[in-house]
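Note that these values count all heavy atoms, side chains included, but never hydrogens, waters or copies made by symmetry.
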Amino acid sequence: MTGSSQDKAPLLEVSGLSVDYGLKGVSSRAIDSVSFALRAGEAVGLVGESGSGKTTTAMAIAGLLSPNARVSGGQVCYRGNRLPIEDDAAMRPHRWSETSVVFQGAMNALNPVHRIIKQIAEPCMLKLGMPRGEATARAGELLELVGIPADRGAAYPHELSGGMRQRVMIAMALACRPSIIIGDEPTTALDVITQAQILKLLGELRSQLNLALILITHDLSVVAESCDRVMIMYAGRIVEDGTVAEIFAKPKHPYTRLLIDSIPNPANGKKMIRPIPGDPPNLVNRPSGCAFHPRCPSAMGLCATDVPSFDKFGRSRVACHLHRSSQEDKVAAHA
Ligand SMILES: Nc1ncnc2c1ncn2[C@@H]1O[C@H](COP(=O)(O)OP(=O)(O)OP(=O)(O)O)[C@@H](O)[C@H]1O
């Protein structure tokens with residue numbers, strides 16, 4: 001963990017960010033009032049069930065929202081400057097520059113008919129204005145940086161293993177010298193050993209280049225190994241945010257507790273992922289109050305009517321009616 005980054009001003013500040021998708025005339029809010037800050041060199045895990053809004057949050061920050069998405073509120077500031085995230089054209093110069101994304105499934109993202117060196121050199125030419133020779137030399141350096149000998153640059157994507165292709169994707173993401181890398185399930189398609197190697201590489205690059213990392217995953221054990229902090233998302237909102245040590249030792253939100261409980265642990269005989277009972281909510285028809293209340297084992301009357309705001313606890317924050325300084329007393333009194 002890197003406690004030293006704690007005192008520095010944020011590199012990225014996301015405030016009240018909301019994004020809606022329009023589909024067949026129906027609008028649904030995919031993320032709602034998402035706020036957080038990210039410091040240089042910090043690694044934050046973004047965790048939640050499928051559909052909780054992790055990718056939408058990432059795409060809004062990176063300027064890669066799909067055409068049917070609309071930023072309906074909030075702002076994103078990079079080094080104190082507001083990014084024009086609601087304007088696709090104005091966002092173009094920022095794309096892949098300040099924040100880059102490494103997606104899962106490199107085979108789909110790479111062009112099968114171009115040598116990998118060419119694919120890495122391209123963003124150096126297009127975004128950094130480098131002449132071809134200089135861009136090719138930089139592409140070779142980037143390959144070496146991600147652990148691939150530069151002379152393998154002549155290979156086509158199908159000639160590389162899945163892990164090597166993911167390393168190529170990381171090299172491409174680094175091409176324009178970003179300060180933030182978002183890994184959107186970057187190791188999901190890989191076997192366990194290759195997954196560990198790619199996570200190790202991201203960790204090494206992070207300290208070598210002082211990169212901030214947002215790691216999107218369903219897998220809390222990946223977060224525990226690779227991140228300083230974790231943010232838990234449910235139905236488009238962050239419900240808990242804190243250091244990995246705090247959240248794993250003392251999860252406050254019932255959803256976080258169930259997520260942690262769902263991790264298999266052969267040491268105590270829990271061999272399979274234990275799914276959380278119930279289904280994630282339909283975002284077109286979001287439950288009132290706390291969106292988790294219909295599935296929450298600890299829900300109270302208030303949870304069905306009032307949206308919980310954040311309360312701070314040390315370096316963590318949680319949005320849950322069970323955990324308000326005043327409410328904690330009430331709950332304890334009725335226990
Ligand atoms: N292009 C789109 N058009 C319409 N709805 C979308 C689009 N992309 C995402 N959504 C919806 O927005 C919500 C959030 O999706 P998002 O992909 O951000 O969640 P996620 O947490 O990243 O999920 P996953 O883990 O499955 O990738 C979901 O209800 C999803 O169906």
Side-chain angles (χ1 to χ4, degrees), residues 11-12 40-41 43 58-59 61-64 78-79 83 88-190 193-215:
L11 183 64
L12 186 81
M59 295 301 105
I61 294 166
L64 295 171
Y78 177 79
R79 296 191 193 278
L83 293 175
D88 193 55
M91 202 51 199
R92 201 161 295 146
H94 299 278
R95 254 177 238 150
W96 305 109
S97 299
E98 291 116 10
T99 302
S100 266
V101 187
V102 178
F103 297 100
Q104 64 166 294
M107 199 58 193
N108 301 332
L110 292 169
N111 188 327
V113 299
H114 287 158
R115 297 180 194 278
I116 56 169
I117 194 92
K118 183 172 179 214
Q119 300 192 53
I120 303 170
E122 209 161 77
C124 303
M125 292 193 290
L126 292 176
K127 302 282 292 187
L128 302 179
M130 285 182 177
R132 183 175 299 277
E134 196 183 328
T136 304
R138 173 157 170 75
E141 286 165 17
L142 285 164
L143 276 177
E144 297 273 351
L145 191 65
V146 298
I148 298 177
D151 60 10
R152 291 288 280 143
Y156 291 94
H158 71 270
E159 295 173 317
L160 302 176
S161 66
M164 296 259 270
R165 285 198 292 266
Q166 204 57 336
R167 285 173 192 264
V168 172
M169 292 303 295
I170 295 171
M172 282 172 76
L174 293 174
C176 299
R177 304 189 181 95
S179 312
I180 303 169
I181 294 279
I182 301 178
D184 192 350
E185 304 270 3
T187 59
T188 301
L190 305 172
I193 292 173
T194 314
Q195 178 171 344
Q197 290 167 345
I198 294 293
L199 290 172
K200 183 165 172 273
L201 171 68
L202 283 172
E204 286 164 359
L205 292 170
R206 182 188 150 206
S207 45
Q208 204 175 333
L209 307 172
N210 197 30
L211 287 170
L213 182 66
I214 299 177
L215 194 59

side-chain contact (heavy atoms from CB on, under 4.5 Å) for Leu145 and Ile170? Distances and angles first, verdict last. CA-CA 10 Å; Leu145 191 65; Ile170 295 171; over 6 Å; no
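- Within the 4.5 Å cutoff, side-chain heavy atoms of Val101 are placed close to those of Trp96.
- Across all non-hydrogen atoms, the minimal contact from Ile117 to Gly140 is CD1-N, 3.7 Å.
- With Ser161 contributing its side chain and Met164 its backbone, the two residues share a donor-acceptor pair below 3.5 Å.
- With sequence neighbours left out, Lys127 forms a side chain to side chain donor-acceptor pair (under 3.5 Å) with no residue at all.
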Verdict with supporting geometry, Ile182 and Leu215, side-chain contact (heavy atoms from CB on, under 4.5 Å): CA-CA 6 Å; Ile182 301 178; Leu215 194 59; over 6 Å; no
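- Considering only heavy atoms from C-beta on, Met91 comes within 4.5 Å of Leu83 through its side chain.
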With side-chain contact (heavy atoms from CB on, under 4.5 Å) as the test, would you mind laying out the steps for Leu12 and Ile180 before giving the verdict? CA-CA 9 Å; Leu12 186 81; Ile180 303 169; 3.9 Å; yes
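- Of all non-hydrogen atoms in Ala62 and Thr99, the two that sit nearest each other are CB-CG2, 4.2 Å.
- Of all the heavy atoms in Ala154 and Arg115, the pair that sits closest is O-NH1, 2.8 Å.
- Atom CG of Asp184 and atom CD of Gln104 lie 7.0 Å apart (nearest 0.5 Å).
- Within the 4.5 Å cutoff, the side chain of Leu211 has heavy atoms near those of the Leu205 side chain.
- Counting heavy atoms from C-beta on, the side chains of Leu209 and Leu174 come closer than 4.5 Å.
- Residues meeting the side-chain contact (heavy atoms from CB on, under 4.5 Å) test with Ala135, sequence neighbours left out: Ala121, Cys124, Met125, Met130.
- Every residue meeting the side-chain contact (heavy atoms from CB on, under 4.5 Å) condition with Gln119, not counting sequence neighbours, appears here in chain and number order: Leu110, Asn111, His114, Pro157, Met172.
- For Thr136 (side chain) and Arg132 (main-chain N/O), a donor-acceptor pair under 3.5 Å exists by modelled atom type.
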One pair to check against side-chain contact (heavy atoms from CB on, under 4.5 Å): Ile116 and Tyr156. What are the steps and the verdict? CA-CA 6 Å; Ile116 56 169; Tyr156 291 94; over 6 Å; no
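- When the side-chain contact (heavy atoms from CB on, under 4.5 Å) test is applied to Ala155, the partners found at least two apart in sequence or on another chain are Arg152, Glu159, Leu160.
- Evaluation of the side chain to side chain donor-acceptor pair (under 3.5 Å) rule for Gln195 yields no partner, not counting sequence neighbours.
- Within the structure, the side chain to side chain donor-acceptor pair (under 3.5 Å) test picks out no pair touching residues 138-147 (sequence neighbours left out).
- Contact detail for Leu64 and Phe103: the closest heavy-atom pair is CD1-CZ, 4.4 Å.
- Taking Ser207 as the reference, nothing meets the side chain to side chain donor-acceptor pair (under 3.5 Å) condition, with sequence neighbours excluded.
- Across Leu11 and Ala212, no two heavy atoms sit closer than the pair CD2-CB, 4.0 Å.
- Partners of Leu126 according to the side-chain contact (heavy atoms from CB on, under 4.5 Å) rule, which considers only residues two or more places apart in sequence or in another chain, are Glu122.
- Taking 4.5 Å as the limit, every side-chain heavy atom of His158 sits out of range of all side-chain heavy atoms of Pro112.
- Taking the salt bridge (charged side-chain N to carboxylate O under 4.0 Å, His left out) definition, one finds that Arg95 meets it with Asp88, sequence neighbours left out.
- Proximity of Ile181 to Ser100: side-chain heavy atoms (C-beta onward) are separated by under 4.5 Å at one or more points.
- In this structure, Arg206 contributes its side chain and Gly41 its backbone to a donor-acceptor pair below 3.5 Å.
- Side-chain contact between Ile120 and Leu143: present, with at least one pair of heavy atoms (C-beta onward) separated by less than 4.5 Å.
- Considering every non-hydrogen atom in both Pro186 and Leu190, the closest pair reads O-CD1, 4.1 Å.
- Residues satisfying the side chain to side chain donor-acceptor pair (under 3.5 Å) criterion with Arg79, sequence neighbours excluded, are Ser179.
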